[in-house]
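Below is one structure, written out as structure tokens, with a few remarks after it.
Quick note on labels: first sequence line is chain A, next is B, and so on, each numbered from 1. Heavy-atom basis, side chains included; hydrogens, waters and symmetry copies ignored. Since the structure is predicted, the reported quantities are computational estimates derived from the model, not experimental observations.
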Amino acid sequence: MRMSQLFFQTLREAPADADTVSHQLMLRASMIHQIAAGIWDYLPLGLRVKHKIEDIFREEMDAIGGQEVTLPVVHPAELWQQTGRWYQIGSDMARLKDRAGRDLVLAMTHEEIMAELAAAYVSSYRQLPFMLYQIQTKFRDEPRPRAGLIRTREFTMKDAYTFDRDNAALDAYYPKFYQAYFNIFNRCGVDTVAVKSDSGNIGDSTAHEFLAITPIGEDTLVICDNCGYSANRQVASFAKSAPVAAAQQPTEEVATPGAETIAALAEFLGIAESETAKAIFLMADIDQPDGTVKSQFVFVVVRGDMELNETKLTNGIKARRLRPAVVEEIRAIGAEPGYGSPVGIRRDQVLLVVDDLIPSSPNLVAGANKVDTHLRHVNYGRDYTADLVLDLVAASDGHPCPNCGSPLHTVRGVEVGNIFKLGTKYSVAMGATYLDENGESKPIVMGSYGIGTGRLMAVAIELHHDDNGIQWPITIAPYQVMLVSLATEKTPEVTAAAEALYQSLKAAGVEVLYDDRDERAGVKFNDADLMGIPLRLTLGAKGLKNGIAELKLRRNGEQRELPLATIVASVQEIIAAEFARINARAVEMPYEG
RNA sequence: CGGGGAGUAGCGCAGUUUGGUAGCGCACAGCGUUUGGGACGCUGGGGUCGUAGGUUCAAAUCCUAUCUCCCCGACCA
């Protein structure tokens, strides 16, 4: 491609709206263009990167038996009504009507369509297993798109689905994805860690998410450097040290004027925060056996030095969602905000859930459900009992690793992919069944596996850039070689040589972007750096006289001179070496179910 | 949805306090000089000042409403 023909306009300054590096660099390099919040154009350069990434998806999916399909972006509402998600999902799902007034939805994901496809085609166990995937646009009306391509509303996703006859077969397929995902990310130059993830509302089966460690991440990851334990903070556990045992002392009221927070309370009484009990008031929507949803007051008690992990609580009480209770609701159950206590509340109206550290922590200070008053020496079992005792608290920096006891630390990560054992939820709902050897009808067991292309592209930039621009791994770079001609009007021989070199590189199958513009050297070099093409070949009058062109590697600035006589072969060798360098990262990863 | 910030030329910004009919840098076009890390000179094109009302002789500027974008949080199948 000739730069003089390329559709682009590099920017010297990033638009003020952009404040993450990948966002700024993609805008400055003319890779993407914004249309609305979370909705983007891919320009020629950016699209080439997207295609490179997607080609890697295809290779890795095909390698584990995948077959590519394309499913629609607009779905009839009926399919989503069949699985119930039409009713469960709120305004994240974009809905529209066709000319006849029929309800349609914009695809947020494709479980329904995939299950429908399986239902339509599969009748026998002999057809199983199989795996289908697609690379398709999805739309989720995210409440807050952010950071360029990191979180968008319209996005492209590679989503794959497995169809197996039973859980054992799915369990056998699942690790192949685990490995394929590492291969994909490694081949894109993106280091990831796989952690078991919260499987949310869909069953209680295994799921992993793949996170790239970067400060711009939206997820918090808990990591142990000593033994390699890692988990999303939503589900991370830690070794809770046993509290010091002590004889239970009689409860007594103590005046604590104004001590409405744990910190203030501990300070006022001159005790450690671990000697207090923290009360948290929530309202939970909980599904009832009769199919209705009940709004339940949930009274949570954790030790004062701990933080509630709402994901653990949500899962533990099987709530659909949680929200903080308002003052009126708190008073209605006999508690007082800031001075809440599990002792003396209207127990029949409350679901009381305590962290499993509480029963073994003696003589805690809790509220008295009266303003400016607390209770000393509150003891679980003697003074109150809970409906549920669970692990409810969030792991944090410094907490002991649950495996080895070393201190944990937290880092930020971006979820670039996830794999998920779906089970039979969708196949049952969509009637995707097969007949086994005994003529018995059984639901197909499904798995789903997703990777966001744009997000992966953005993360690659977050991990590979310097002050001058992007440093694409060659596997996903828009072009492999940037050929910079430094010809001027006075050196037509340089133009001729550059043209010839451009043609030979192209003929040899090298992906080359040829800067044939009438620009000064500095402009060309800066654009080359910004766009991040891995190899830069510079051909100028001096070099031509000596029969050489200069090669510079974008990723480390390494330079060497290449004789023009053998330059095509040299470039091909270097490209191959760059590929080998990246691909060597795709190694076997032990699967930890 | 809560909190904060911002909408003036493709990009970055000034002008708004104190109303007087829009400006700077980059980019873009032409000419000339230049030519190995974002050249220089001259000339030129481009803006309903987010939108709609209102106040006023006069509104980018004051008032009201509204839309959009960004950041933090909530949310995230």
Side-chain angles (χ1 to χ4, degrees), chain A residues 8-20 23-24 27-30 33-39 80 83-86 88-93 105 107-112 138 140-148 150-153 155 157 159 197-203 205 207 209 216 218-219 232 234 310-311 314 320-324 414-415 418 420 422 425-426 446 448-450 452 455 467-469 484-491 494-495 515 517-530 536-545 549-550 552 557 559:
Chain A
F8 83 108
Q9 174 61 257
T10 48
L11 298 176
R12 196 179 292 221
E13 292 172 289
D17 279 351
D19 67 346
T20 51
H23 187 189
Q24 291 177 344
L27 289 174
R28 289 187 51 211
S30 292
H33 174 73
Q34 183 166 22
I35 288 302
I39 299 180
W80 290 76
T83 58
R85 293 211 280 186
W86 170 263
Q88 284 163 22
I89 299 174
S91 40
D92 271 14
M93 183 155 77
V105 313
M108 307 177 63
T109 175
H110 285 78
E111 280 85 5
E112 277 80 359
K138 305 194 193 263
R140 295 179 190 172
D141 197 357
E142 294 281 351
R144 188 154 96 79
R146 61 175 286 270
I150 294 290
R151 188 167 204 85
T152 58
R153 295 195 292 171
F155 57 100
M157 191 167 202
D159 56 324
S197 60
D198 172 35
S199 50
N201 292 332
I202 305 182
S205 49
E209 52 193 35
I216 66 153
E218 305 176 296
D219 294 299
N232 193 308
Q234 290 185 324
E310 292 196 10
T311 305
T314 304
R320 185 171 278 186
R321 59 181 217 99
L322 293 174
R323 65 166 171 84
V414 173
E415 182 185 345
N418 62 66
F420 206 130
L422 285 178
K425 172 177 165 137
Y426 294 99
M446 293 174 63
S448 85
Y449 316 84
R455 181 180 285 188
D467 290 347
N468 298 320
V484 176
S485 164
L486 296 183
T488 68
E489 284 171 1
K490 292 174 186 161
T491 57
V494 175
T495 301
D515 197 343
R517 294 176 298 169
D518 179 21
E519 287 287 354
R520 300 172 66 87
V523 172
K524 295 185 176 187
F525 291 149
N526 280 304
D527 279 345
D529 287 350
L530 178 58
R536 191 184 83 195
L537 275 181
T538 307
L539 189 56
K542 278 180 273 178
L544 183 59
K545 251 175 231 159
E550 284 161 38
K552 186 170 182 180
Q559 297 196 53

Please give, in whole Å, the distance from [N] [atom2] to [X] [atom1]?
X: E218(A); N: rC72(B); atom1: CD; atom2: C1'; value: 13 Å
X: E310(A); N: rC75(B); atom1: CD; atom2: C1'; value: 11 Å
X: R12(A); N: rG25(B); atom1: CZ; atom2: C1'; value: 10 Å
X: R153(A); N: rC70(B); atom1: CZ; atom2: C1'; value: 14 Å
X: L539(A); N: rU35(B); atom1: CG; atom2: C1'; value: 15 Å

Nearest to side-chain heavy atoms of [X], which nucleotide of [options]:
X: A37(A); options: rC28(B), rC69(B), rG36(B); value: rC69(B)
X: R146(A); options: rC72(B), rG37(B), rA27(B); value: rC72(B)
X: D17(A); options: rC69(B), rC28(B), rG37(B); value: rC69(B)
X: E550(A); options: rC69(B), rG36(B), rG38(B); value: rG36(B)

Could you go over nucleotides 1-3 of chain B and give all protein N or O partners under 3.5 Å, atom names and distances?
none

Report the residues that fulfil side-chain contact (heavy atoms from CB on, under 4.5 Å) with [X], sequence neighbours left out, ordered by chain and then residue number.
X: L11(A); value: P15(A), R28(A)
X: P143(A); value: D92(A)
X: D19(A); value: none

Response to the item:
Residue set satisfying salt bridge (Lys or Arg N to Asp or Glu O under 4.0 Å) with R153(A), at least two apart, ordered chain then number -> D141(A)
Fill in: Contacts of E415(A) that satisfy salt bridge (Lys or Arg N to Asp or Glu O under 4.0 Å) - sequence neighbours left out
none
Item to complete: Sort out for me which residue in V484(A), D515(A), L530(A) forms a side chain to side chain contact (heavy atoms under 4.5 Å, CB included) with F525(A).
Response: V484(A)
Roughly how many Å apart are [M] and [N], using the [atom1] atom of each and rounding to a whole number?
N: rU17(B); M: rG50(B); atom1: P; result: 15 Å
N: rG41(B); M: rA27(B); atom1: P; result: 12 Å
N: rC26(B); M: rU64(B); atom1: C1'; result: 37 Å
N: rU8(B); M: rU61(B); atom1: P; result: 14 Å

Item to complete: Could you check if a side-chain atom of E112(A) sits within less than 4.5 angstrom of a side-chain atom of V105(A), using non-hydrogen atoms only?
Response: no
Report the residues that fulfil side-chain hydrogen bond (donor to acceptor under 3.5 Å, both in side chains) with [X], sequence neighbours left out, ordered by chain and then residue number.
X: S485(A); answer: none
X: R146(A); answer: E218(A)
X: K552(A); answer: none
X: T10(A); answer: D527(A)

For nucleotides 6-11 of chain B, which of its nitrogen or oxygen atoms have a protein nitrogen or oxygen under 3.5 Å away, and what is each distance?
unit_1  : atom_1 : unit_2 : atom_2 : d
rC11(B) : O2'    : E13(A) : O      : 3.1

Pair partner, [N] [Watson-Crick or wobble, under 3.5 Å]:
N: rG20(B); answer: rC57(B)
N: rG73(B); answer: rC1(B)
N: rA65(B); answer: rU51(B)
N: rG45(B); answer: none
N: rG37(B); answer: none

Discussion item. Does a side-chain N or O of Q34(A) approach OP1 or OP2 of rC70(B) to a distance below 4.0 Å, or not?
Written reply: yes
Worksheet item: Reckon A487(A) touches a base, only the sugar-phosphate, or nothing at all at heavy-atom distances under 4.0 Å?
Response: nothing
If you restrict it to nitrogen or oxygen atoms, what contacts under 3.5 Å exist between nucleotides 30-34 of chain B and the protein, and what is each distance?
unit_1  : atom_1 : unit_2  : atom_2 : d
rU34(B) : O2     : R520(A) : NH1    : 2.7

Response to the item:
Comparing nearest nucleotides in RNA chain B, the 5'-proximal residue of the pair D529(A), G90(A) is D529(A)
